[in-house]
Amino acid sequence: MALEIVESCVNCWACEPLCPNQAIVEAKPHFKIIADRCTECIGDHDDAQCASICPIEGAILDEYGEPLNPPGSLTGIPMELALSLIEKARIAEARAAAAP
Amino acid sequence: MELPVIGQEAAQSSGGGCSASSCGSSNDQLSHLPDAIRAKVQDHPCYSEDAHHYFARMHVAVAPACNIQCHYCNRKYDCSNESRPGVVSELLTPDQAVMKTKAVAATIPQMTVLGIAGPGDPLANPERTFETFRRLSEEAPDIKLCVSTNGLALPESVEELSRHNIDHVTITINCLDPEIGAKIYPWVFWKNRRIFGVEGARILIEQQQKGLEMLTARGILVKVNSVMIPGVNDQHLKEVSKVVKAKGAFLHNVMPLIAEAEHGTFYGLMEQRGPTAEELEDLQDACSGDMNMMRHCRQCRADAVGMLGEDRGEEFSLEKIAEMNIDYDKAMEMRAAVHEGITAELNAKRAEKAAAVPAPEKAKRGLRPVKIAVATAGQGVINQHFGHAREFLVYEASEDGVRFLSHRKTDLYCSGDETCGDGESVLARTIKALSDCEMVLCSKIGFEPWGLLEAAGIMPNGEHAMEPIEEACAAVYEELAAAGKLEPKGDGAACAA
């Protein structure tokens, strides 16, 4: 039972001091959660602290790989628009990678 | 040196000529303040309109975390082409920030002010923020320290702020009404929970107001920033202005919303527009009846370096700083000499303005006011080539004198032309940004822009190069009057008297 930080993390440090288990560490290319230490805050807080302050939708996943903050849930940007932006960014990235 | 101020008050009460509500705009802006506060702010580039032509400031990006979400902010901060709050290229540790500050202060001796403004909320990163302040007050005691915050963690930070002798605090207050707040702030992080909507906004507003009251009660200067969001809080900001003034804020700074889809912000993506220059000026005018307004704010990045309106941050990357060989004690001595020289020059100018005998009250000729754009690189004179100007200062000349209205950026917060794909040329943007001006004063101007400006009804003029801005504006106004070009227009709005 542990949460996970994935590549959309922007390294803003907001989660790091909140973790009751010091399970979050600065790392490259982004912060990570040491799984052995993570308790999902059970017993300490009602809500997982990292996921409660994280400003980036989809950056923190639960033990099933589901985002705790799904697209649209934090910014209020409608889900369809948020998803199409993610898609656009992916296409742009793929193009940039394919370019000589 | 109180001369300029006393003189200014005298000039104001005489109510005549160029020195009334006009040339001495910077003094007007601050002249209502008690002496102690005025002494603190009159050499601060962000607060004093004439000082910002001379003194430099810098921000260090030590505060990445944030405890709220604003609809005008997106938490990516790595685009070097963007120039707006909340964006930085390089996050610093307190140690690096202290090194950078001292290197900049040694290289740019006009530097007086160090601010922490993000890229997140400085008070949501109390350890990093206060460590930086603590060390700088020991190692560079001549540098003024300031901090800006969204206010959520302000009440709990007031004690520590007062301990570090941080005498300028800026709070961004966009509303007093939680219903309006919910349209600006989707959530806040409060007492270990994320709180959405009206309830989150209510908590934020409560903390902001409480923090404002606590700071002013301790004699710490508070400036209030507000972002003008048309259709959301634009009308409401008049009320905000009244309330924050009543609670002791010494300046209210209404800034335009910056929202572009490519910034990835909620407002940008939802096509919420920012105010036009005219709408912004109208609101600033409406609020200024209640409170002194700050019109020369440049909405700097959280890692800006240099004079207001310029950013020399790239000269001071950590790599470049490591290669610098600096004698810090000597640098501080040099800074003291430079500051003294500037202060003497400023005081002389202020005294000159104040001492100028107000021209005898001229009979009103019923002439309309004119907006004039100015290209300047500082020192309060017209000293920039049109083609080199990245922003213009806009003044209004009227029968009552000359007053500063606003600055207009022409590179629109993003200089990444090719990469960002905006096809509009810089010149076309400049012409659009200055569309309500009838004249542009600059040191020189090329042939092609001259023709295009003239065709757009904006007369270029290079004849007043190196002259003080306000004198030049007054002179061209008289030239226009003599040429019979200032007969009142049909609509009543043109009549300012």
Side-chain angles (χ1 to χ4, degrees), chain A residues 5 7-20 24 26 28-31 40-60 67-89 92-93 95-96 99, chain B residues 61-79 86-88 90-93 118-121 124-129 152-153 182-197 200 261-272 419-421:
Chain A
I5 296 175
E7 71 282 354
S8 49
C9 166
V10 296
N11 298 308
C12 81
W13 288 85
C15 57
E16 190 262 358
L18 295 177
C19 179
I24 301 174
E26 188 189 8
K28 300 281 173 200
H30 56 78
F31 280 68
E40 301 188 9
C41 292
I42 288 168
D44 288 298
H45 299 285
D46 292 340
D47 305 319
Q49 293 299 287
C50 55
S52 295
I53 199 167
C54 180
I56 305 297
E57 293 162 353
I60 299 182
L68 288 168
N69 300 304
S73 65
L74 301 184
T75 55
I77 296 167
M79 170 103 76
E80 275 169 32
L81 187 53
L83 288 173
S84 82
L85 286 169
I86 293 169
E87 190 53 31
K88 259 188 205 167
E93 240 169 65
R95 266 195 206 143
Chain B
V62 295
C66 197
N67 47 14
I68 70 172
Q69 176 71 51
C70 304
H71 274 329
Y72 43 75
C73 181
N74 172 17
R75 299 309 319 279
K76 65 156 195 180
Y77 33 85
D78 55 358
C79 181
V87 176
V88 297
E90 193 174 38
L91 188 67
L92 305 177
T93 64
D121 184 76
N125 303 256
E127 283 174 26
R128 291 165 153 258
T129 296
L152 184 63
K183 295 178 189 161
I184 304 171
Y185 309 105
W187 57 264
V188 309
F189 181 79
W190 180 246
K191 295 196 191 297
N192 298 98
R193 287 181 55 213
R194 194 188 319 256
I195 298 173
F196 292 89
E262 59 265 34
H263 296 155
T265 59
F266 174 86
Y267 283 147
L269 293 167
M270 302 303 281
E271 297 176 349
Q272 165 69 48
T419 48
C420 296

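Chain A is the first sequence line, chain B the second, and so forth, proteins listed ahead of strands; every chain is numbered from 1. What you see is a predicted model, and the numbers here were worked out from it, not measured in a lab. Heavy-atom basis, side chains included; hydrogens, waters and symmetry copies ignored.
Top candidate by heavy-atom pairs under 4.5 Å with chain B, chosen from A/Asp46, A/Ile56, A/Ile77, is A/Ile77.
Neither the backbone nor the side chain of A/Ser8 comes within contact range of chain B, judged by heavy atoms closer than 4.5 Å. Heavy-atom distances place the side chain of A/Leu18, and not its backbone, under 4.5 Å from chain B. For chain B, no part of A/Asp44 is nearby; none of its heavy atoms comes within less than 4.5 Å.
Pairing each heavy atom of A/Trp13 with each of B/Pro64, the nearest pair is CD1-CG, 3.4 Å. Nearest heavy-atom pair across A/Ala14 and B/Ala65 is CA-CB, 3.4 Å.
Within the model, atoms CZ of B/Phe266 and CG of A/Leu81 stand 9.5 Å from one another, a figure rounded to the nearest 0.5 Å.
Proximity of a side-chain donor or acceptor of B/Arg194 to a complementary backbone N or O of A/Ala51 within less than 3.5 Å is detected. Proximity of a side-chain donor or acceptor of A/Gln49 to a complementary backbone N or O of B/Asn192 within less than 3.5 Å is detected.
Residues that satisfy the side-chain hydrogen bond (donor to acceptor under 3.5 Å, both in side chains) test with B/Thr129, not counting sequence neighbours, are absent from this structure.
Proximity to chain A at a heavy-atom threshold of 4.5 Å picks out B/Pro186, B/Trp187, B/Phe189 from residues 184-191 of chain B, in numerical order.
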